[in-house]
Amino acid sequence: MRNQPSISWPASDFSRIPFAAYCDPAVYEEEQERIFRGPTWNYLALEAELPDEGDFLSTKVGETPVVVCRDSDGVLHAFVNRCMHRGMLLCRERQGNSENFICPYHQWTYDLTGQLRAVPFPRGVNGEGGLPEDFDRGKIHLQELKVEKFKGVIFGTFSDATEPLIDYLGPEVVYEIERLFHKPIRILGYQRQRIFGNWKLYNDNVRDPNHGGLLHMFHATFGLYRLSQKGGAKLDARGRHNITWNSLGTDDEKTTSEGYEGTKKVYKPKFSLNDMSILQNRTEHPDDVTLVILSVFPNVVFQQIANSLCTRQIRSEGTDRMELYWTYYGYADDDEEMTRHRLDQANLVGPGGLISMEDGEAVELVQVAIQREQDKHAMVEIGGTGKIETQKSLVTEVPIRGFYSYYCELMGFPTGTEAAAE
Amino acid sequence: MSDAEVRDAINDLMADYCHYIDDDRLEEWLDFFTEDCEYKILSRENEESDLPLELLSCRNKNMLRDRILSLREANIYNIHFDKHVLGAVRILGKENGGYRVQANYSLYQSNQDGVSELFSVGTYRDLITFAAGKPQFKQKIAVADTFGIPRLLSTPI
């Protein structure tokens with residue numbers, strides 16, 4: 001039996017989050033096993049990044065380096081990026097094309113299915129040295145993750161107990177992925193952001209529609225996303241995934257100025273840009289949804305902000321560090337002008353995003369402030385307590401409680417342990 | 001202008017560009033750009049893979065003005081001082097009526113506790129044009145080796 005990290009989840013509706021969950025190294029270690037290597041589907045890559053046989057790329061599942069490749073039959077594989085011999089990182093390139101993987105240390109060679117094919121000097125030299133008689137090359141295979149894909153999005157799991165991907169995502173998420181990937185895509189490029197905070201703080205951030213219209217003043221000011229607009233948060237049946245959505249231009253001056261009263265810095269009705277083209281939404285869907293932030297437990301966010309499309313992969317690096325790995329794409333049939341528009345709108349998000357640059361800062365400032373408050377709790381009550389369900393307003397943080405309900409289930413944390421929390 | 005005058009003017013512009021950012025004179029800093037300027041921060045990773053995505057891009061001076069406006073009025077970012085260290089300026093040759101110029105940079109950020117960290121290292125690949133003897137950037141392109149952006153990218157590189 002493991003030693004249970006001693007953290008307290010006093011509220012059975014997850015309206016209190018112990019700060020220790022973001023700081024305790026023992027919790028972090030367990031997460032790598034129970035969350036990232038547990039019965040979850042982790043985002044690995046997009047198929048458009050691996051169009052040809054022999055294409056490979058390096059990625060992460062939590063903190064584990066993983067290599068994804070397409071073999072000579074076109075089948076996708078994912079392996080722990082580690083040679084079975086002495087544990088060296090097998091593939092050092094970020095992306096490329098190869099017929100095999102050769103470990104730089106001792107030249108052990110694996111094919112694209114992960115099977116060991118060759119070891120130099122197997123019989124030694126002049127009958128001396130080399131592999132033992134009973135060494136069976138055929139039994140040595142890279143540690144493989146199970147891979148499934150949906151609409152060109154590649155997920156992997158370490159666990160045999162994980163339900164099929166389609167069931168794991170659930171109909172709400174399936175609908176959104178089908179919408180975002182409704183035709184072939186083209187990769188536009190990557191951005192990387194080093195965030196000095198716990199990986200769950202970022203998961204909280206994207207499950208918190210309430211902050212979008214308050215922290216991100218650019219958003220509110222220019223009307224791309226205001227809490228007074230039509231929108232909400234759709235949860236899957238288990239509350240572990242979330243879809244924050246809204247529709248541009250569905251609020252009026254009165255609701256907006258009343259709602260933002262006293263926050264004059266956030267909503268500035270007289271403020272306008274010199275070049276408004278960056279804010280323009282070119283309709284691509286039959287619906288009027290202009291913003292989708294789809295968060296899939298535990299490591300990915302899919303984004304539509306107007307015409308800016310990307311995935312954001314969360315890569316944990318210890319209790320207080322993470323990398324956010326942004327993959328931007330457009331559709332394969334975009335003309336040059338549409339591609340330019342998407343690239344312009346890439347300025348809205350990412351580490352230098354006019355809207356989103358604040359998130360990296362917010363996460364770090366929470367991490368700094370809670371370090372010595374590990375017996376205390378975050379309060380999550382906006383949108384109501386109790387039942388965790390789909391929200392019809394953006395003034396809510398209920399999806400955060402959904403995340404922790406599933407998190408605690410996987411971590412085996414007892415909840416509702418105290419009558420009241422600080 | 002003589003070659004020496006051109007060289008001096010280009011060197012002064014490159015130096016002023018950095019010092020105006022470090023001194024937080026961003027509104028005046030805008031005067032270093034032509035109206036049809038391009039200002040871009042590129043990730044070396046994308047650049048080497050021929051991927052078009054920028055880390056930050058302004059395709060004209062109005063978009064650059066909006067960046068500064070947004071920094072002043074809307075964005076919340078880490079409170080810091082910038083300090084550029086500019087390497088030797090190379091004038092690579094004439095191009096499209098201007099001069100193609102290259103220089104390496106290091107950009108340090110210092111926080112409110114006086115702790116300094118390297119924020120970005122990379123190369124400027126600029127196109128500088130002259131009007132009435134005054135040099136301006138028609139293109140200012142910073143290719144960042146530091147494409148893993150620490151925290152966030154707020155003030156210009």
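Letters A, B, ... are given to chains in the order of the sequence lines, protein chains preceding strands, and every chain is numbered from 1. It should be emphasised that the depicted structure is a prediction, and the values quoted were computed from it without experimental measurement. Note that these values count all heavy atoms, side chains included, but never hydrogens, waters or copies made by symmetry.
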Legend entry - Neighbour count >12 (heavy atoms, 6.0 Å) for atom CG, Asp333(A):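 Counting other residues, nucleotides and ligands, CG of Asp333(A) exceeds 12 neighbours.
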
Inset, instruction - Answer yes or no: are there more than 12 heavy-atom neighbours, outside Glu35(B) itself, under 6.0 Å from its atom CD? - result: yes

Inset, instruction - Taking all heavy atoms of Ser70(B) and all of Phe218(A), pick out the closest pair and write down the distance. - result: OG-CD1, 3.2 Å

Legend entry - Which atom of Glu358(A) lies closest to which atom of Asn75(B), heavy atoms considered: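 Nearest pair, atom of Glu358(A) first, then Asn75(B): OE2-ND2, 3.0 Å.
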
Looking at side-chain heavy atoms only, is the closest gap between [X] and [Y] below 4.5 Å?
{"X": "Asn274(A)", "Y": "Lys61(B)", "value": "no"}
{"X": "Leu273(A)", "Y": "Arg65(B)", "value": "no"}
{"X": "Gln191(A)", "Y": "Leu55(B)", "value": "yes"}
{"X": "Arg194(A)", "Y": "Arg151(B)", "value": "no"}
{"X": "Pro52(B)", "Y": "Arg342(A)", "value": "no"}

Legend entry - Asp50(B) portion near chain A, given a 4.5 angstrom heavy-atom threshold: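 When you check distances to chain A, no heavy atom of Asp50(B) falls under 4.5 Å.
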
Inset, instruction - Name the region of Glu45(B), side chain, backbone, both or neither, that has any atom closer than 4.5 Å to a heavy atom of chain A. - result: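 Just the side chain, heavy atoms under 4.5 Å.
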
Legend entry - Proximity of residues 77-94 of chain B to chain A, residues having a non-hydrogen atom under 4.5 angstrom: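 The residues closer than 4.5 Å to chain A, in numerical order, are Tyr77(B), Asn78(B).
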
Inset, instruction - Under 4.5 Å, heavy atom to heavy atom: which of residues 126-140 of chain B reach chain A? Give them by number, or say none. - result: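 Contacts with chain A: none.
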
Legend entry - Check: Asp275(A) side chain, Met63(B) main-chain N or O, donor-acceptor pair, under 3.5 Å: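 Side chain of Asp275(A) to backbone of Met63(B): no pair is present.
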
Legend entry - Donor-acceptor contact below 3.5 Å, side chain Gln193(A) vs main chain Ile149(B):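 Between the backbone of Ile149(B) and the side chain of Gln193(A) there is no qualifying donor-acceptor contact (under 3.5 Å).
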
Non-hydrogen atoms of chain B under 4.5 Å away: do they reach the side chain of [X], the backbone, both or neither?
{"X": "Arg321(A)", "value": "neither"}
{"X": "Glu364(A)", "value": "side chain"}
{"X": "Arg94(A)", "value": "side chain"}

Legend entry - Per-residue contacts, residues 61-68 of chain A versus chain B, heavy atoms under 4.5 Å: none

Legend entry - Residue selection (most heavy-atom pairs with chain A, distance under 4.5 Å) from Ser43(B), Ser154(B), Ser57(B): Ser57(B)

Legend entry - Selection from Asp66(B), Leu71(B), Leu152(B), Leu153(B) maximising heavy-atom pairs under 4.5 Å formed with chain A: Asp66(B)

Legend entry - Pairs of heavy atoms under 4.5 Å with chain B: top-ranked of Leu343(A), Ile195(A), Thr339(A): Leu343(A)

Reported [atom1]-to-[atom2] distance for the pair [X] and [Y], which is rounded to 0.5 angstrom:
{"X": "Asn46(B)", "Y": "Ile187(A)", "atom1": "CG", "atom2": "CD1", "value": "11.0 Å"}
{"X": "Leu53(B)", "Y": "Tyr190(A)", "atom1": "CG", "atom2": "OH", "value": "10.5 Å"}
{"X": "Asn60(B)", "Y": "Ser277(A)", "atom1": "CG", "atom2": "OG", "value": "7.5 Å"}

Only distances under 3.5 Å count here; give the side-chain donor-acceptor pairs of residues 6-18 of chain B to other protein atoms, sequence neighbours excluded, each with its distance to 0.1 Å.
unit_1	atom_1	unit_2	atom_2	d
Asn11(B)	ND2	Arg7(B)	O	3.0
Tyr17(B)	OH	Ile157(B)	O	2.5

